[in-house]
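Accompanying notes for the structure given below.
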2 protein chains.
Amino acid sequence: MSNLKVLPILEADAGDGAVPCCAPLSREPLGVEDSERIAVMFKALGDPVRLRLFSLIASHEGGEACVCDIQDVGVSQPTVSHHLKKLRDAGLVTSERRGTWVYYKVAPPVVAALAGVLDLSS
Amino acid sequence: MSNLKVLPILEADAGDGAVPCCAPLSREPLGVEDSERIAVMFKALGDPVRLRLFSLIASHEGGEACVCDIQDVGVSQPTVSHHLKKLRDAGLVTSERRGTWVYYKVAPPVVAALAGVLDLSS
DNA sequence: CATCAATATTGACAGCCGTCTATGTCGGTG
DNA sequence: CACCGACATAGACGGCTGTCAATATTGATG
């Protein structure tokens with residue numbers, strides 16, 4: 001059995017605990033290119049509102065959430081939309097329109113990548 | 001045996017894989033307070049130069065590095081110093097003066113906290 | 001004490017970022 | 001087609017951030 005768990009969202013997607021993006025932080029220093037790519041993800045999570053939005057999406061039933069479910073974070077609706085766009089541009093979430101509503105969910109490869117950076121692969 | 005590894009730096013420090021700071025991102029939404037505290041860490045890692053500096057410290061022999069060992073990241077010396085201060089203010093690293101040199105190392109509780117946020121505790 | 005090497009601090013400046021209001025777009029409904 | 005609700009985009013604005021050159025501080029060394 002696997003003692004190693006990542007996000008539930010990921011478990012349904014792939015059984016590998018492999019590092020999909022780059023070397024772990026603690027093994028060898030990040031190259032310039034890797035650091036730029038990964039910093040984009042950390043930067044996106046580096047705002048309290050965005051972190052809460054991401055958390056709300058990740059913890060929502062089914063691993064996805066409608067904007068209307070998560071938009072009560074203390075800022076205006078356009079600001080929420082702006083932050084969700086940033087999360088999407090950073091590759092952390094994906095969005096899909098279904099009728100009137102837009103659903104966001106955590107992008108599967110991403111959290112695995114972050115986990116890999118923190119050295120969880122072995 | 002433990003299938004679960006965190007940073008080597010941490011392994012020597014504590015055997016627990018417990019969550020030291022807050023609920024994992026994927027289980028329940030982060031509170032306002034938690035999100036602000038954790039966002040500080042992500043934000044500090046959200047700059048390519050700081051991420052490289054952190055990686056250089058984490059991957060350096062003994063888990064610590066002198067500034068002179070890691071300051072070749074393409075920016076001026078004051079800028080390196082500025083970034084190291086930011087990492088320290090974010091609680092990601094600690095610094096210690098030994099003679100002429102200043103040594104930085106990864107703050108043990110921190111990476112465990114980040115790992116906890118990404119849900120690696122169970 | 002004078003000097004040097006390693007690191008930190010200060011001050012300045014351009015550019016990015018988070019926020020808002022106003023407005024646009026798109027789908028559903030009558 | 002007209003209207004409404006959900007969400008996105010545009011534009012503006014104040015504040016923060018990354019960078020540098022210049023200077024200060026701190027410890028070792030002669």
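Every heavy atom of this structure was used, including side-chain atoms; hydrogens, water molecules and symmetry mates were not.
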- How close or far is atom P of dG18(C) from atom CG of D89(A), stated in whole angstroms? 12 Å
- Would you list the pairs meeting salt bridge (charged side-chain N to carboxylate O under 4.0 Å, His left out) in which at least one residue belongs to residues 68-90 of chain B, sequence neighbours left out? K85(B)-D89(B)
- Message: Please find the pair of heavy atoms, one from A90(B) and one from M41(B), that lie closest to each other, and give the distance.
- Response: O-CG, 3.9 Å
- Query: Which residue, W101(B) or G99(A), contacts DNA chain C at a nucleotide closer to its 5' end, judged by nearest heavy atom?
  - Reply: W101(B)
- Of K43(A) and R97(A), the one whose closest DNA chain C nucleotide lies more 5': K43(A)
- Task: Please confirm whether the backbone N or O of A44(A) pairs with a side-chain atom of R50(A), one donor and one acceptor, at under 3.5 Å?
- Result: yes
- Rounded to whole angstrom units, what separation is found between the CD atom of Q77(A) and the C1' atom of dC20(C)? 12 Å
- Query: So what does Y103(A) hit on the nucleic acid, given a heavy-atom distance under 4.0 Å: a base, only sugar-phosphate, or nothing?
  - Reply: nothing
- Think R50(A) has a side-chain N or O under 4.0 angstrom from the OP1 or OP2 of dC17(C)? no
- Message: What's H83(A) touching, base or sugar-phosphate or nothing? Going by heavy atoms closer than 4.0 Å.
- Response: sugar-phosphate
- Check: S35(A) side chain, G31(A) main-chain N or O, donor-acceptor pair, under 3.5 Å: yes
- Query: Going 5' to 3' on DNA chain D, which nucleotide is the first and which the last to come under 4.0 Å of a heavy atom in chain A?
  - Reply: dA6(D) to dT9(D)
- Which sits closer to the 5' end of DNA chain D, T100(A) or K85(A), going by the nucleotide each is nearest to? T100(A)
- Could you state the atom-to-atom distance from CZ of R98(B) to C1' of dA5(C) in whole Å? 18 Å
- Looking only at atom types and distance, does a side-chain atom of S55(A) sit under 3.5 Å from a main-chain N or O of L51(A), one as donor and one as acceptor? no
- For H82(A) and dA22(C), give me the distance from atom NE2 to atom C1', rounded to whole Å. 17 Å
- Does F54(A) offer a backbone N or O that forms a donor-acceptor pair with the side chain of R52(A) under 3.5 Å? no
